[in-house]
Amino acid sequence: MKKIIVVLSLLLVAGTAVAQIDAPQPSPIAKATQTVGLTEVTLEYSRPAKRGRAIFGELVPFDKLWRTGANSNSMITFSDDVKFAGTEVKAGTYAVYTKPGKKEWTVMLYDDTSNWGNPRAWDEEKVVATTSVATKKLKNQVESWTMAINELTMEGAHLQMMWDETLVAVPFTVPTAAKTQTSIDKVMSGPSANDYYAAATFYLDANKNLQQAHEWISEAVKARPEAYWMHRKKALIEAKMGNKSAAIASAKFSLTLAEEAKNMDYVKLNTDSLKEWGAKM
């Protein structure tokens with residue numbers, strides 16, 4: 001009986017050791033994504049609360065490096081290259097570090113997001129952008145630390161940081177005009193060779209209008225005369241249309257290009273088709 005009691009006791013202790021209690025975090029995690037023009041901007045950070053405490057100059061010392069929130073470093077992600085306060089920043093994810101001051105803050109984007117709080121050793125070479133921004137006093141207190149993308153225009157926005165009675169806003173611009181112009185140029189110039197090739201391939205595989213497929217593949221090889229795989233597709237469409245002489249001519253041209261490109265898979269495919277179609281080699 002004693003042995004059974006001891007075993008049960010150990011199981012209870014072990015069970016207590018691995019049990020976990022679900023409870024709210026004092027600084028809950030927040031994630032927000034905002035489209036600015038044609039660029040996606042995402043913020044990930046933890047949100048400590050004021051809870052009656054004096055914040056800047058007390059809980060968060062002036063002129064000291066701050067993780068800009070709680071727990072692991074706050075992060076911002078840009079889907080495109082941007083200009084952050086006038087500095088070129090490549091698309092990617094960056095930690096946001098700050099040095100809060102009485103009248104202005106230093107805001108930095110850091111190319112290392114793996115830190116829990118501040119880095120053990122600050123590496124100035126990892127700073128991709130830095131700027132000084134004047135603080136503004138809010139009319140109403142903000143209870144929880146807040147980061148947001150506001151003041152939206154087609155060409156940019158502000159990274160806003162708010163807590164207690166303090167607001168800091170950093171402007172950044174996005175490449176909306178350039179992306180839009182690229183899109184306009186692509187659409188207005190008509191389908192690309194790959195578009196024609198994809199459409200022709202679908203029609204061939206789905207046994208749809210082969211005449212239309214042939215028109216499309218002809219446009220594709222006209223735009224990409226060196227593309228042996230497109231000439232191969234043209235040969236297959238012509239063969240399926242019953243035009244073997246045209247199919248043989250296209251396959252021979254594809255074979256020559258494939259040999260020049262040293263693509264032996266396409267060399268074999270074309271050779272096999274030419275034999276099947278009774279071509280003289």
Closest approach of [X] to [Y] (non-hydrogen atoms, all atoms of both residues):
| X | Y | value |
| --- | --- | --- |
| Phe56 | Pro100 | CD2-CB, 4.2 Å |
| Leu269 | Arg232 | O-NH1, 3.2 Å |
| Ala251 | Ala235 | N-CB, 3.7 Å |
| Pro191 | Tyr196 | O-CE1, 3.7 Å |
| Pro225 | Leu257 | O-CD1, 3.4 Å |
| Thr176 | Val36 | OG1-O, 4.3 Å |

- Message: Under a 4.0 Å threshold between the charged nitrogen and the carboxylate oxygen, would Glu226 count as salt-bridged to Arg224?
- Response: yes
When rounded to the nearest 0.5 angstrom, what distance separates [atom1] in [X] from [atom2] in [Y]?
| X | Y | atom1 | atom2 | value |
| --- | --- | --- | --- | --- |
| Tyr203 | Ile237 | OH | CD1 | 12.0 Å |
| Glu58 | Asp164 | CD | CG | 11.0 Å |
| Ile55 | Gln141 | CD1 | CD | 9.0 Å |
| Glu238 | Leu204 | CD | CG | 11.0 Å |
| Met108 | Trp122 | CE | CH2 | 4.5 Å |
| Lys233 | Trp216 | NZ | CH2 | 14.5 Å |

Less than 4.5 Å apart, any side-chain heavy atom of [X] and any of [Y]?
| X | Y | result |
| --- | --- | --- |
| Leu274 | Ile248 | yes |
| His214 | Asn243 | no |
| Thr131 | Thr106 | no |
| Val128 | Thr87 | no |
| Met230 | Asn194 | yes |
| Arg51 | Glu143 | yes |
| Lys31 | Thr42 | yes |
| Tyr110 | Asn73 | no |

Just checking, is any N or O donor in the side chain of [X] or [Y] under 3.5 Å from an acceptor N or O on the other one?
| X | Y | result |
| --- | --- | --- |
| Ser192 | Asp195 | yes |
| Thr98 | Thr68 | yes |
| Ser74 | Arg67 | no |
| Ser79 | Thr39 | no |

Looking at [X] and [Y], would you say the former's side chain and the latter's main chain have a donor-acceptor pair under 3.5 Å?
| X | Y | value |
| --- | --- | --- |
| Thr135 | Lys103 | yes |
| Thr201 | Tyr197 | yes |
| Glu165 | Lys139 | no |
| Ser144 | Arg47 | no |
| Lys179 | Leu38 | yes |

- Message: Ring centroids only, cut at 6.0 angstrom: are Trp163 and Trp105 within range, meaning strictly under it?
- Response: no
- Message: Using ring centroids (six-membered ring only for Trp), state whether Phe78 and Phe172 fall under 6.0 Å.
- Response: yes
Please tell me whether [X] and [Y] are part of a single hydrophobic cluster in this structure, the criterion being side-chain heavy atoms less than 4.5 Å apart.
| X | Y | answer |
| --- | --- | --- |
| Phe253 | Leu236 | yes |
| Tyr97 | Val168 | no |
| Leu65 | Tyr45 | no |
| Met161 | Phe62 | yes |
| Met75 | Ile149 | no |

- Item | Worked check of side chain to side chain contact (heavy atoms under 4.5 Å, CB included) between Trp145 and Val60 | CA-CA 12 Å; Trp145 167 251; Val60 179; over 6 Å; no
- Message: Run the side chain to side chain contact (heavy atoms under 4.5 Å, CB included) test on Glu260 and Tyr228 for me, step by step, so that the C-alpha distance in whole Å, both residues' side-chain angles and the decisive distance to 0.1 Å come before the verdict.
- Response: CA-CA 10 Å; Glu260 291 174 357; Tyr228 51 84; over 6 Å; no
- Let me see the working for Asp112 and Asp123 under side chain to side chain contact (heavy atoms under 4.5 Å, CB included), right down to the final yes or no. CA-CA 9 Å; Asp112 181 354; Asp123 186 349; over 6 Å; no
